[in-house]
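Indexing begins at 1, ligand by ligand and atom by atom, following the structure's order. No experiment lies behind these values; they were computed from the predicted model shown.
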Amino acid sequence: MKKRRKARYSSENYIQGILQGDRVLLSQSITLIESRLENDQILAGEILEAILPHTGNSLRVGITGVPGAGKSTFIEALGKWIIDENKKLAVLAVDPSSSRTKGSIMGDKTRMPELSQDLRAYIRPSPTQSSLGGVARRTREAMLLCEAAGYEVIFVETVGVGQSETLVRGMVDFFLLLMLAGAGDELQGIKKGIMEMADAVVINKADGDNLHRAQVARAEYESALHLFPSSESGWQTPVLTCSAQEKSGMAEIWEVILRYRREMEKTGFFQKKRQEQQINWMFDAIRQNLELDFFKHPKVQAALPEWEEQVRGGKVPPLSAANSLLNMYKQS
Ligand code: GDP
């Protein structure tokens with residue numbers, strides 16, 4: 001049976017729609033970016049190229065924390081604060097499908113009921129892709145589309161348990177780590193490396209009986225951070241407390257993010273970081289394309305099972321097998 005394809009407009013329609021801030025056309029364009037169909041990819045490429053001059057104007061904020069840290073509640077609270085400052089906010093998520101649990105999909109609209117009903121906010125769930133690299137690329141591109149559609153602040157949410165935060169760190173201006181008091185670092189699965197990546201550490205759930213513990217944790221994290229070597233930017237990572245549930249502490253957090261931008265723009269670090277991200281993006285694209293091309297190659301595809309068997313049986317060392325396959329690819 002032939003699969004029914006959804007009707008597509010011309011790229012011009014999407015481009016105009018995005019530039020006019022049309023949410024439906026924005027969503028459809030992001031769907032094109034996520035599509036694996038060749039025609040969709042061509043269309044997506046045209047759209048991206050055309051909107052590129054209209055991108056780069058937003059403040060890109062990554063938000064990470066273990067499941068249960070309160071990320072969606074926090075995004076709802078800080079997001080509300082930001083849109084009340086008359087800024088348009090887009091929320092994207094980086095979450096490989098493997099880390100979806102208990103039916104909760106990151107960025108799922110039901111997790112942010114207030115924001116999802118507000119026209120000043122745009123929420124997009126994580127693309128359904130299994131490879132983290134693929135998700136990262138699509139999120140970057142979705143971010144550009146949102147910028148072209150006039151969103152001034154972009155949140156990129158990720159679960160702080162794996163590699164995804166490194167990827168998100170590589171696509172945002174400011175990286176915020178949401179923590180809980182009382183649950184030791186070990187328990188929270190937060191590695192020292194993630195603490196080092198953070199531009200701000202925020203201890204959530206500073207309310208009720210937990211308030212004192214949150215304040216103690218704040219002091220502890222502050223002294224822990226002082227032991228880290230100073231960063232290239234000269235920025236001192238602040239530790240703050242908040243209650244996402246009670247929506248308290250949001251003004252201070254937003255002010256820290258804005259102060260970061262002010263100070264880093266003054267020193268040129270802000271621009272430098274973005275330039276480096278662009279370069280990394282280019283290398284990522286090269287790597288991804290080469291890999292795809294390699295595995296699509298007919299000779300490689302034909303020979304791969306046999307080489308796998310040989311390596312599995314210990315008859316050929318893995319490196320020799322890899323070199324032979326790569327030579328096949330290079331010679332044609
Ligand atoms: P996520 O998994 O990191 O997105 O966390 P959620 O936002 O879903 O929150 C996990 C749980 O913590 C939910 O039951 C929230 O109601 C609760 N929660 C989130 N923020 C706060 C807070 O500031 N204070 C308290 N007491 N509970 C909170």
Side-chain angles (χ1 to χ4, degrees), residues 61-84 89-118 121-127 135 139 154-165 167-169 172 174-191 194-195 197-198 200-218 221 238-254 256-257:
V61 181
I63 296 173
T64 194
V66 291
K71 289 180 298 301
S72 35
T73 318
F74 176 78
I75 288 173
E76 176 109 323
L78 185 61
K80 185 79 177 45
W81 178 270
I82 290 168
I83 57 179
D84 284 345
L89 169 77
V91 181
L92 308 172
V94 167
D95 177 35
S97 43
S98 58
S99 64
R100 288 179 180 187
T101 48
K102 295 180 216 143
S104 106
I105 298 168
M106 286 192 53
D108 187 342
K109 294 186 177 180
T110 58
R111 293 172 72 217
M112 297 161 200
E114 251 185 271
L115 278 187
S116 61
Q117 279 174 29
D118 199 308
Y122 175 79
I123 301 178
R124 178 83 186 184
S126 180
V135 173
T139 306
I154 312 226
F155 283 172
V156 185
E157 178 192 10
T158 184
V159 178
V161 286
Q163 298 170 296
S164 55
E165 52 286 310
L167 285 169
V168 172
R169 177 77 169 90
V172 296
F174 189 93
F175 194 61
L176 187 152
L177 171 62
L178 203 63
M179 303 276 275
L180 293 173
D185 293 357
E186 211 66 54
L187 226 152
Q188 293 191 47
I190 295 287
K191 298 193 192 79
I194 300 182
M195 284 276 281
M197 282 197 281
V201 173
V202 176
I203 298 156
N204 188 29
K205 309 198 186 181
D207 48 44
D209 294 346
N210 209 31
L211 185 59
H212 179 66
R213 282 201 301 174
Q215 283 160 348
V216 171
R218 176 185 182 164
Y221 283 124
V239 186
L240 300 118
T241 57
C242 79
S243 167
Q245 202 167 55
E246 294 178 356
K247 292 189 168 58
S248 66
M250 298 303 137
E252 292 79 4
I253 295 165
W254 184 228
V256 161
I257 299 172

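- A donor-acceptor pair under 3.5 Å links the side-chain atoms of Asn204 to the main chain of Ala244, judged by distance alone.
- In terms of polar-atom proximity, defined here as any N/O pair under 3.5 Å, Ala244 does make such a contact with ligand 1.
- Closest protein heavy atom to atom 15 (C) of ligand 1: Thr73 OG1, 3.9 Å.
- Residue Ala206 places no N or O, backbone or side chain, under 3.5 Å from any N or O of ligand 1.
- Glu157 contributes no side-chain N or O that, together with a main-chain N or O of Val91, makes up a donor-acceptor pair within less than 3.5 Å.
- Of all atoms in ligand 1, listed by their number and element, those nearer than 4.0 Å to a heavy atom of Pro67 are 2 (O).
- Minimum interatomic distance between Ser243 and Asp207 (heavy atoms only, all atoms of both residues): OG-OD2, 2.6 Å.
- Backbone and side-chain nitrogen or oxygen atoms of Gly70 are examined, and one is located within less than 3.5 angstrom of a nitrogen or oxygen of ligand 1.
- A heavy-atom separation below 4.0 Å is not found between Asn210 and ligand 1.
- Considering backbone and side-chain atoms alike, Glu246 places every N or O at 3.5 Å or more from each N or O of ligand 1.
- Side-chain N or O atoms of Lys71 include one that pairs as donor or acceptor with a backbone N or O of Val66 at under 3.5 Å.
- Residue-environment remark: CH2 (Trp254) exceeds the threshold of 12 foreign heavy atoms within 6.0 Å.
- Contact between Leu240 and Glu252 at its shortest, heavy atoms only, is CD2-CB, 4.0 Å.
- In this structure, atom 13 (C) of ligand 1 is not in close contact with the protein, since no protein heavy atom lies within 4.0 Å of it.
- Nearest heavy atom pair, residue Ala206 against residue Ala214, reads CB-CB, 3.6 Å.
- Polar contact with ligand 1: absent for Glu157 (N/O pair, distance under 3.5 Å).
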